[in-house]
Amino acid sequence: MASSAQSGGTSGGPAVPTVQRGIVKMVLSGCAIIVRGQPRGGPPPERQINLSNIRAGNLARRAAATQPDAKDTPDEAWAFPAREFLRKKLIGKEVCFTIENKTPQGREYGMIYLGKDTSGENIAESLVAEGLATRREGMRANNPEQNRLSECEEQAKAAKKGMWSEGNGSHTIRDLKYTIENPRHFVDSHHQKPVNAIIEHVRDGSVVRALLLPDYYLVTVMLSGIKCPTFRREADGSETPEPFAAEAKFFTESRLLQRDVQIILESCHNQNILGTILHPNGNITELLLKEGFARCVDWSIAVYTRGAEKLRAAERFAKERRLRIWRDYVAPTANLDQKDKQFVAKVMQVLNADAIVVKLNSGDYKTIHLSSIRPPRLEGENTQDKNKKLRPLYDIPYMFEAREFLRKKLIGKKVNVTVDYIRPASPATETVPAFSERTCATVTIGGINIAEALVSKGLATVIRYRQDDDQRSSHYDELLAAEARAIKNGKGLHSKKEVPIHRVADISGDTQKAKQFLPFLQRAGRSEAVVEYVFSGSRLKLYLPKETCLITFLLAGIECPRGARNLPGLVQEGEPFSEEATLFTKELVLQREVEVEVESMDKAGNFIGWLHIDSANLSVLLVEHALSKVHFTAERSSYYKSLLSAEEAAKQKKEKVWAHYEEQPVEEVVPVLEEKERSASYKPVFVTEITDDLHFYVQDVETGTQLEKLMENMRNDIASHPPVEGSYAPRRGEFCIAKFVDGEWYRARVEKVESPAKVHVFYIDYGNREILPSTRLGTLPPAFSTRVLPAQATEYAFAFIQVPQDEDARTDAVDSVVRDIQNTQCLLNVEHLSAGCPHVTLQFADSKGDVGLGLVKEGLVMVEVRKEKQFQKVITEYLNAQESAKSARLNLWRYGDFRADDADEFGYSR
């Protein structure tokens, strides 16, 4: 506590009282304050000063919980205004004071002046002058200070200020509410709007007692998302502070105690309210974290309205600088170089629902585990038949779905890897197997956090940690939020529906089953498959999704170097380049979707045939890269010429299996096929109707005048001989005339008759449909039949685009087309025919802009990739437009590239 240079006693006598200084920490009432000194290496000393010679009203007091018969004491009149007067004038300000009297119990009474010396404002006189305090009874005015108090009181009475005003002052008595019946409803009723408040007490750095205005609710507020060191209550009633508890409390007190603030009520925990306290000078929650006085807590960080990432960033700031509670902090990745903490790698294999194998730029392979998530697992001990071997991929619920999501999303793609922590190796125990060291990381592709996507689909769960466990995902809060969404929406593991069952037959090595299955696969031609495992360069294990079975598959037509084999009693070494061939096949096809043609099987039940990846034959590729030779059995195959050509080219390079080849290479003449050109012959048409599935009807502009003339003549004829209402009996497939909503008659065809009141008709010249009563139909006069003029509305579909399956997305696309081309003239070119209707490209008549390409550019539809050579130029243009729409996150692409999975990426429904 600061004091003046001179020293003097505080007991009675003629000595001049010592002038002391301090900063006002708290106003207890209208006549008592707490003053503190300057902090030096910790919270400063403090003392209570009571104002001499005056009395202010007593503030309300809550009855002690230990005295059940006691009652709450309300405010005395003008007590709260007196307290507020001092609070607004003194809190946080420097004052000087003199002690005039000290009671045996240690209570100190004296004079308080605002400022550094006694020339400042006399606080007691100001209170009396405002009518907020009175001179003590029986006090005689026998010195200058008491005379001034007497004068101030007389002036206040004359001016009818404060307690001297008319009335009994009941309006100054607060209706204090110490409890809230329904805290949840109370919080929700404020809709997270800031509430004015005064901080009345600071329990520790992150827990305060606040008076909510204007209704005077006295509530405990815990700061959302953080926790400061606390004061632990011992058995004898004393309190032991945790490290930095006192400093954190002082940090909050010196900034908030008895300050006017705003509080955002965010949630409730038991009877306590979770919230964020806003002060003009800043946000105390983030300040406490940044100064190392608090840590983030998972259970309440999600309700922090200003974003959990801000809190995590503030905590990281303190951790990096090892401030206060983080003085001994060591980052989980402190021992890693920057290049090992963050890198780009190519995904080569998905091990299970939380681990992948990536290929680094150096060519090395590394296993990466997704941080803070747990893959699906069997619950309980008796869920698996003990006589049956467990196949985790198929037998654990949702493990297959999780693996497939990762496989379709990641295999062969480059991803961004940010290492979060290294989990050290752990030895085996009775219940837990041994684990080697694990690199745990956040993996993203196209801005999408793969772990978050998995969790939001209910295909993984989030690991819960001890509060002081820092080995967790750098996006842990997003993972928790994704899991909450998945639980709310009943996704995957959280669904109440029946668990999906995968009955997959493994017929690899089973000769009997393979024989039965062989004719079926031979007749199927090319079958879709997924490469589950690569044994060697030419031997693989495949999963056939349509047949739901696993087979062993040998590549036909080639002789691949044999790999090393473990035989009883010895290890047989592999042939040269066997490992290279295996690695080549792995990198090219492992866990990829391929097509296979089965030709035969061997005596061990392995199928033999051809495997195609992205239209390339794997046997040819192995030969081309000098990792296999052509086998004589390839002579009877249609791929023999391709194999020979590849082998000759490999021989010329003299690499790998042909390194010692001496014969002169023979130059092969490769015939060049003429490329068929795309036909572009645009004709003018008039678009009359757009259907809900994005088909459209057009009229030929050249025959437009004929239709107009026919319609005019038909309407004149009907006007002369109007049909008798109700005389026509409609029959399906029959041509008729129908009265449209505009009151005019048009040619139509009956498509369905539900009842005389509900007849479905199709207007053959315009392409629209309507349900009409039979009273608005009539017989089509022969002079205007389709023999005279064929139906003028022709149905077409857009070429090179895929119509969205999602109803909302499809509606967006249809609305756009209706807005752009309905009832307008366009140019049409037929690109190719199909079973339903011709597929065409459509251009605007004026700008010649491609309508379908415009839809792709807007991200309203996706491109349908066709393999015909004549379309490759236009397909490339469409794909470039699609990439631009994806980059800009337009419409279909607003959540990223969703095509790997029909389901929504993050558990949201569009």
Side-chain angles (χ1 to χ4, degrees), residues 1-56 59 81-103 105-136 139 141-153 155-156 202 250-251 253-260 281:
M1 191 79 64
S3 65
S4 60
Q6 77 264 31
S7 61
T10 57
S11 58
V16 178
T18 303
V19 177
Q20 300 179 73
R21 298 184 187 89
I23 295 170
V24 178
K25 170 190 169 181
M26 187 176 183
V27 176
L28 297 175
S29 69
C31 57
I33 64 171
I34 291 179
V35 179
R36 67 170 174 83
Q38 292 289 354
R40 288 187 178 87
E46 54 189 51
R47 61 203 285 193
Q48 179 178 329
I49 310 298
N50 301 281
L51 289 170
S52 297
N53 305 324
I54 68 166
R55 183 192 179 281
L59 290 170
R83 198 292 296 262
E84 286 296 274
F85 177 80
L86 290 189
R87 182 181 70 83
K88 292 175 181 178
K89 187 180 286 290
L90 299 181
I91 285 294
K93 302 284 181 63
E94 186 175 5
V95 296
C96 66
F97 58 93
T98 59
I99 301 300
E100 298 181 344
N101 183 31
K102 187 172 184 180
T103 68
Q105 292 78 25
R107 288 172 69 90
E108 296 180 311
Y109 290 86
M111 303 298 289
I112 300 173
Y113 302 89
L114 188 57
K116 295 185 178 181
D117 53 45
T118 56
S119 64
E121 180 183 344
N122 184 313
I123 299 304
E125 290 177 10
S126 297
L127 275 167
V128 173
E130 291 296 324
L132 298 174
T134 62
R135 287 191 308 141
R136 285 195 177 275
M139 189 67 65
N142 53 9
N143 61 38
E145 287 83 2
Q146 291 172 6
N147 285 333
R148 282 197 296 275
L149 283 176
S150 180
E151 290 171 12
C152 291
E153 188 172 71
Q155 290 169 6
V202 176
F250 174 71
F251 186 87
E253 272 185 347
S254 60
R255 286 158 177 78
L256 295 187
L257 183 59
Q258 290 199 330
R259 265 54 166 209
D260 292 308
N281 293 338

Exercise. Please round to the nearest 0.5 Å and tell me the distance separating atom CE of Met111 and atom CG of Asn122.
Key: 4.0 Å
Quiz prompt | Closest heavy-atom pair and its distance - Val95, Val35 | solution = CG2-CG2, 4.4 Å
Quiz item: Is any side-chain heavy atom of Asn50 closer than 4.5 Å to a side-chain heavy atom of Leu28?
Solution: no
Practice problem: Measure across Val128 and Leu149 and return the closest heavy-atom pair with its distance rounded to 0.1 Å. | Solution: CG1-O, 3.7 Å
Self-check item: Nearest heavy atoms of Arg83 and Gln258, plus distance in Å
Solution: NH1-NE2, 3.1 Å
Practice problem: Return the set of residues passing side chain to side chain donor-acceptor pair (under 3.5 Å) with Ser52 (not counting sequence neighbours), or none when no residue passes. | Solution: Glu100
Quiz item: side chain to side chain contact (heavy atoms under 4.5 Å, CB included) with Ala129: which residues, sequence neighbours excluded?
Solution: Cys152
Quiz item: Backbone N or O of Lys25 within a donor-acceptor pair of the Glu46 side chain at under 3.5 Å?
Solution: no
Quiz item: side chain to side chain donor-acceptor pair (under 3.5 Å) with Glu108: which residues, sequence neighbours excluded?
Solution: Arg47
Quiz item: Nearest heavy-atom pair of Gly30 and Ala82: which atoms, and what distance?
Solution: CA-CB, 3.9 Å
Quiz item: Excluding sequence neighbours, so at least two apart, what forms side chain to side chain contact (heavy atoms under 4.5 Å, CB included) with Cys96?
Solution: Val19, Arg21, Tyr113, Thr118
Quiz item: Taking side chain as C-beta onward, heavy atoms only, is Thr103 less than 4.5 Å from Tyr109?
Solution: yes
Quiz item: Is there a side-chain contact between Leu51 and Ile112 (heavy atoms, below 4.5 Å)?
Solution: yes
Practice problem: Taking all heavy atoms of Ala133 and all of Ile54, pick out the closest pair and write down the distance. | Solution: CB-CD1, 4.1 Å
Quiz item: Can you list the steps and then say if Leu114 with Ile123 is a side chain to side chain contact (heavy atoms under 4.5 Å, CB included)?
Solution: CA-CA 7 Å; Leu114 188 57; Ile123 299 304; 4.3 Å; yes
Self-check item: Pairs touching residues 88-97 that satisfy salt bridge (Lys or Arg N to Asp or Glu O under 4.0 Å), sequence neighbours left out
Solution: Lys89-Glu121
Exercise. Could you pull out all residues at least two apart from Glu84 that satisfy salt bridge (charged side-chain N to carboxylate O under 4.0 Å, His left out)?
Key: Arg87
Self-check item: salt bridge (charged side-chain N to carboxylate O under 4.0 Å, His left out) involving Arg107 - partner list, sequence neighbours excluded
Solution: none
Practice problem: State the CD-OG1 distance between Glu153 and Thr134, to the nearest 0.5 angstrom. | Solution: 6.0 Å
Quiz prompt | Residues which pass side chain to side chain donor-acceptor pair (under 3.5 Å) with Asn281, listed by chain and number, not counting sequence neighbours | solution = none
Exercise. Please assess Arg36 against Ile34 for the test side chain to side chain contact (heavy atoms under 4.5 Å, CB included), listing each intermediate value before the final yes or no.
Key: CA-CA 7 Å; Arg36 67 170 174 83; Ile34 291 179; 5.8 Å; no
Quiz prompt | Donor-acceptor contact below 3.5 Å, side chain Arg259 vs main chain Leu257 | solution = yes
Practice problem: Give the minimum heavy-atom separation between Val27 and Ile91, together with the two atoms involved. | Solution: N-CD1, 4.0 Å
